[in-house]
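Contents: one structure, followed by commentary.
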Amino acid sequence: MNHLLENLNPEQLAAVTLPPQHALILAGAGSGKTRVLTTRIAWLISTRQVTPQGILAVTFTNKAAKEMLARLSALLPINTRGMWIGTFHGLCNRLLRAHYRDAGLPQLFQILDIADQQAAIKRLLKALNVDDEKFPPRDLQHFINAQKEQGLRSAAVEAWDDHTRRRVELYAAYEQQCQREGVVDFAELLLRCYELLERNEPLRRHYQERFRHILVDEFQDTNILQYRWLKLLAGHAERGRAAGPSQGAAALSMEAASAAEPPSPPPLGRGMGGGCMECACMFAVGDDDQSIYGFRGAEIGNMRDFEREFQVDNIIRLEQNYRSHGNILDAANAIIKNNEKRLGKNLWTDAGSGEPIRVFEAMSDGEEARWIVEEVRALSRDGHARREIALLYRSNAQSRILEHSLFSAGIPYRVYGGLRFFERQEIKHALAYLRLIANSDDDTAFARVVNFPARGIGARSIEALQDAARAAGSSLFAAIPQVPGKAGASLAAFAALIESMRPALDLPLPELVDHVVELSGLRLHYLNEKEGQERLANLDELLNAATSFVAEEGREVMEPEEAESTGEPTGELSADLAAFLTHAALEAGEHQAGEGDDALQLMTVHSAKGLEFNVVFMSGLEEGLFPHENSVQEAKGLEEERRLMYVAVTRARQRLYLSFAQTRMLHGQTRYSLPSRFIDEIPGELLKWLTPKAKKGGYAYEVADAFTPSPRSRVSSGGGLRVGQNVAHARFGQGVIVNAEGSGSDARVQVNFGPAGMKWLALSVAKLEAL
DNA sequence: TAAGCAGAGCTTTTT
DNA sequence: GCTCTGCTTA
């Protein structure tokens with residue numbers, strides 16, 4: 001087993017072979033984090049400290065989970081099948097499937113993705129006659145998800161104003177609707193699982209006793225509910241909950257307080273550090289400097305809370321970087337040093353300092369794109385593979401102009417993000433038929449395909465059906481006999497169609513899929529459609545997906561132990577269907593084909609996290625864009641932007657380019673921006689300016705040269721002020737006018753003050769000095 | 001029932 | 001400025 005430990009550096013070795021105790025591993029970018037995690041598991045198993053069944057390893061993405069399983073199989077001659085290694089959602093799903101009765105769910109409960117969830121909410125609002133101007137479905141969706149991610153049921157949400165009260169009512173109605181339809185959304189998987197374990201003591205004990213070691217990847221990305229779930233499984237929650245409310249757990253501690261629990265006993269294992277004799281050992285790996293998902297509920301404070309609540313007394317820091325050259329790491333360290341709330345870490349390498357960081361200032365976004373194309377061409381000539389070059393940007397909208405230039409130049413590229421396989425409309429249609437066969441109460445699936453392909457069931461028929469269903473308190477499908485007349489006849493024909501597909505449940509999954517695509521009329525519909533070729537090909541691909549899904553070796557299989565407790569046996573084949581539908585919801589599939597091609601990689605900084613490239617272009621480094629203007633008002637927001645910049649810089653192995661443009665088309669208007677403060681935060685000696693270094697607070701070039709004033713952009717009363725003008729303000733310092741509106745005493749200008757942010761100023765009030 | 005047009009929104013995203 | 005959504009129109 002010694003080979004496991006070969007070539008580990010001292011810190012990695014310490015982490016891997018840590019005695020049984022809670023641990024926090026601060027793993028810097030490129031420091032071998034995944035290797036430590038997998039080797040730790042292999043070490044625990046091969047030294048017989050734990051059996052494979054005693055391991056619970058949690059990740060955020062399917063990709064990370066798969067990688068962990070693959071590496072583990074390479075390290076150990078064991079069957080990883082059946083091991084509890086997966087995403088939070090995947091593992092919760094597994095638990096809920098095994099104990100669906102105790103969780104109050106139907107056996108074949110379906111999972112709503114965000115699009116399904118939104119459709120469900122829209123349907124709900126319509127049924128309740130809610131003004132969707134006042135309560136936009138998207139807002140409500142965010143509201144509901146945010147509550148669930150904090151562990152709050154509608155009954156537990158405190159509402160201080162009428163609008164929130166109403167939203168809470170709608171949240172409650174949504175909960176009921178989902179329950180009636182037998183569907184769960186993503187957040188529900190976690191919340192429902194948490195509640196199941198919390199309320200069912202025998203079950204909780206069972207899993208607490210089973211999982212002796214809990215390992216968590218990307219711990220800095222956990223939200224409040226996920227951390228609470230981990231504590232529960234680790235056997236820490238009952239003690240930990242009242243152990244002193246932390247800032248992050250504020251929402252939860254309210255609930256704990258209202259439950260009037262007696263003061264909790266001191267944590268076990270006191271006096272022996274973070275010992276875990278009576279509970280599972282938590283091994284949390286994360287990097288607070290790479291926490292970039294605060295906006296979706298990730299609670300960076302969980303790291304500090306974990307350290308305190310689990311009494312972690314030595315944090316292991318993995319600071320040796322095996323990815324980047326020294327200059328790149330120095331730049332990253334210098335940037336992140338400006339953040340105040342850090343656990344602290346400094347990356348280093350013995351690979352040498354390498355090349356300087358190249359900086360380019362463009363007059364416009366178009367020029368920036370053209371320059372990148374030229375530079376990429378030169379890199380290609382020098383033998384760099386295109387797939388080893390990444391173009392990063394802060395927001396998706398920036399990709400368009402880059403794509404335009406690349407397309408004109410004939411350079412192959414691949415854009416990350418966008419529609420994924422199981423999110424395509426034709427695939428979702430086919431899946432909706434399958435879902436209806438599995439569970440006819442699934443109104444979301446019903447509404448999706450009742451009139452697709454068109455079969456004369458219009459809005460009026462649906463409305464009549466909805467009324468009937470509401471009156472009967474039943475699903476849409478079940479209410480069909482209630483609808484009279486012609487509409488009722490068409491609906492009955494649809495019901496008969498679904499029923500006619502049901503016998504196909506006895507067929508093997510691929511044949512079932514084929515059958516449904518045929519009988520539903522989907523194939524015929526796309527055959528007749530002008531642009532239907534690609535959709536037909538995707539439907540064929542769905543068949544392939546089903547075939548390989550059934551054949552898949554490492555597919556999660558429910559262990560007999562758990563399957564037995566679920567009561568009546570599932571029919572083998574409908575189990576395949578249920579698993580496939582779950583797979584479709586939880587793993588929406590690759591973004592796009594063409595992974596094998598030698599193409600330039602275009603993506604947002606967020607999507608680049610976890611990846612690495614020989615050459616990285618970080619474009620659009622402008623105040624207002626990166627850091628984004630919506631983030632600079634609060635220190636918290638700015639620090640997250642800075643971490644994002646840190647992530648961007650640390651993606652590069654050998655060469656890093658930073659670029660920015662004086663003018664950029666944004667929301668249909670030309671924007672004038674200052675260079676990002678993040679460039680200033682890098683020590684000058686690490687930089688090599690490819691254009692004359694930008695003056696502080698100004699441009700190397702005259703703005704006027706790049707700008708032709710249009711009548712609209714002239715500020716009428718503005719004493720010579722116009723868009724693009726550099727100005728000074730007593731409090732905000734230097735800035736540039738990016739927009740103007742109104743006239744006379746109403747005239748206002750929008751000024752980008754760089755570090756002081758973007759401001760709208762009334763000219764009659766603000767004293768602006770033209771520079 | 002499909003196409004065509006007006007209107008809104010527009011930072012980042014996995015499950 | 002572009003793209004997606006939803007409503008109106010032939």
Side-chain angles (χ1 to χ4, degrees), chain A residues 58-65 86-93 111-119 122 126 132-133 136-139 142 145 148-149 184-191 193 217-218 221-223 225-226 291-298 365-366 392-401 403-404 416-420 422-423 425 451-459 525 528-531 582-589 591 603-610 620 624-632 637 640-641 643-645 647-648 664-671:
Chain A
V58 197
T59 64
F60 275 85
T61 65
N62 292 302
K63 198 176 157 200
T87 63
F88 279 101
H89 293 84
L91 296 171
C92 285
N93 172 65
I111 298 169
L112 303 183
D113 66 15
I114 5 96
D116 294 332
Q117 187 189 29
Q118 184 148 44
K122 280 182 185 165
K126 201 154 218 172
D132 58 5
E133 300 264 286
R138 272 190 49 184
D139 285 4
H142 290 153
N145 289 337
K148 287 191 180 186
E149 278 161 14
V184 298
D185 58 45
F186 286 137
E188 184 73 23
L189 281 172
L190 282 157
L191 184 52
C193 184
D217 190 19
E218 306 276 21
D221 287 339
T222 52
N223 63 31
L225 179 58
Q226 286 159 340
S291 164
I292 56 174
Y293 287 111
F295 68 92
R296 68 170 195 218
D365 47 358
L392 306 186
Y393 35 82
R394 172 70 237 271
S395 71
N396 284 306
Q398 290 167 252
S399 78
R400 219 179 38 83
I401 192 156
E403 287 185 66
H404 180 79
Y416 281 67
L419 261 201
R420 312 205 297 183
F422 286 107
E423 291 169 355
Q425 67 144 276
N451 197 34
F452 193 97
R455 42 178 77 92
I457 301 174
H525 176 267
N528 291 330
E529 204 181 65
K530 287 177 296 259
E531 311 285 323
T582 299
H583 167 79
L586 290 183
E587 302 186 43
H591 279 286
M603 66 192 86
T604 62
V605 184
H606 281 92
S607 341
K609 189 175 165 215
L625 191 58
F626 195 12
H628 197 275
E629 55 190 302
N630 296 356
S631 311
V632 294
E640 182 148 314
E641 293 290 300
R643 293 193 291 270
L644 197 52
M645 179 69 180
V647 167
R664 180 178 298 277
M665 233 7 183
L666 207 64
H667 307 326
Q669 283 175 327
T670 307
R671 273 270 285 261

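Here is the naming used below: chain letters follow the sequence lines, and residue numbers restart at 1 for every chain.
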Indicate, with a heavy-atom threshold strictly under 4.0 Å, whether A/S607 touches base, sugar-phosphate, or nothing.
sugar-phosphate
Hey, does A/E641 reach any base, or is it just sugar-phosphate, or nothing, if we go heavy atoms under 4.0 Å?
base
Grab the CZ-C1' distance between A/R643 and B/dT11 for me, whole Å please.
15 Å
Where do A/E587 and A/H89 land on the side chain to side chain contact (heavy atoms under 4.5 Å, CB included) test, with the steps shown first?
CA-CA 10 Å; A/E587 302 186 43; A/H89 293 84; over 6 Å; no
Counting any heavy atom closer than 4.0 Å, what does A/G456 reach on the DNA or RNA strands: base, sugar-phosphate only, or nothing?
sugar-phosphate
Base-paired stretches in DNA chain B with three or more consecutive Watson-Crick or G-U pairs, both distances under 3.5 Å, amount to B:1-10 with C:1-10
Taking ring pair (Phe, Tyr, Trp, His ring centres under 6.0 Å) as the test, write out the residues that go with A/H606, two or more places apart.
A/Y293, A/F295
Atom CZ of A/F186 and atom P of B/dT14: how far apart are they, to the nearest Å?
11 Å
note: A/D217, atom CG; B/dT15, atom P; distance rounded to Å ~ 13 Å
What residues form a salt bridge (charged side-chain N to carboxylate O under 4.0 Å, His left out) with A/R664, not counting sequence neighbours?
A/E368, A/E622
List for me each residue that meets ring pair (Phe, Tyr, Trp, His ring centres under 6.0 Å) alongside A/F452, sequence neighbours excluded, and say none if there are none.
A/H429, A/H525
Nearest-angstrom distance from the residue atom CD of A/E587 to C1' of B/dT13:
17 Å
When the P atoms of B/dT12 and C/dT5 are compared, how many Å lie between them, rounded to an integer?
15 Å
All salt bridge (charged side-chain N to carboxylate O under 4.0 Å, His left out) counterparts of A/K609, not counting sequence neighbours
A/E218, A/D221
Please report, rounded to the nearest Å, how far the P atom of B/dT14 is from the CZ atom of A/F60.
13 Å
By nearest-nucleotide position on DNA chain B, the 5'-leaning member of A/I292 and A/I457 is A/I457
With a 4.5 Å heavy-atom cut-off, do A/F186 and A/Q117 have their side chains touching?
no
Could you give the NE2-to-P distance, from A/H628 to B/dT11, as a whole number of Å?
5 Å
Protein-nucleic acid N or O pairs under 3.5 Å, nucleotides 2-5 of chain B:
from  : atom 1 : to     : atom 2 : distance (Å)
B/dA3 : OP1    : A/K530 : NZ     : 3.2

Beyond-backbone contact of A/K122 with A/D132, side-chain heavy atoms, under 4.5 angstrom
no
Holding to side-chain contact (heavy atoms from CB on, under 4.5 Å), I want the full list of residues that pass it with A/T582, two or more places apart in sequence or in another chain.
A/N93, A/R97, A/I111, A/L586
By the 4.0 Å heavy-atom rule, please label A/D113 as base, sugar-phosphate, or nothing.
nothing
Non-neighbouring partners of A/A65 that pass side-chain contact (heavy atoms from CB on, under 4.5 Å), sequence neighbours left out
A/T59
Under the salt bridge (charged side-chain N to carboxylate O under 4.0 Å, His left out) rule, collect the residues that match up with A/D113, sequence neighbours excluded.
A/K428
Check ring pair (Phe, Tyr, Trp, His ring centres under 6.0 Å) between A/F88 and all other residues, then give those that pass, not counting sequence neighbours.
A/F60, A/W229
Would A/F295 pass as stacked on B/dT12, i.e. its ring centre under 5.5 Å from the base's six-membered ring centre and planes under 30° apart?
yes
State, with a plain yes or no, whether a side-chain heavy atom of A/T670 is found less than 4.5 Å away from one of A/M665.
yes
Separation between the P atoms of B/dT13 and C/dC4, rounded to whole Å:
15 Å
Between protein and nucleotides 1-9 of chain C, what N or O pairs are separated by less than 3.5 Å?
from  : atom 1 : to     : atom 2 : distance (Å)
C/dG6 : OP1    : A/K122 : NZ     : 2.6

Could you check whether A/L190 gets within reach of a base, just the sugar-phosphate, or nothing at all, counting any heavy atom under 4.0 Å?
nothing
Between P on B/dT13 and CD on A/E149, what's the gap in Å once rounded to a whole number?
16 Å
Distance check: side-chain N/O of A/N396 vs OP1/OP2 of B/dT13, anything under 4.0 Å?
yes
Contacts of A/D217 that satisfy salt bridge (charged side-chain N to carboxylate O under 4.0 Å, His left out) - sequence neighbours left out
A/K33
Looking across every strand, which nucleic acid part, if any, lies under 4.0 Å from A/R138 by heavy atom: base, sugar-phosphate, or nothing?
sugar-phosphate
Atom CG of A/N528 and atom C1' of B/dT1 are separated, to the nearest Å, by 15 Å
Please pick, from B/dT13, B/dT1, B/dT11, the nucleotide with the shortest atom-to-atom distance to any side-chain atom of A/R296.
B/dT13
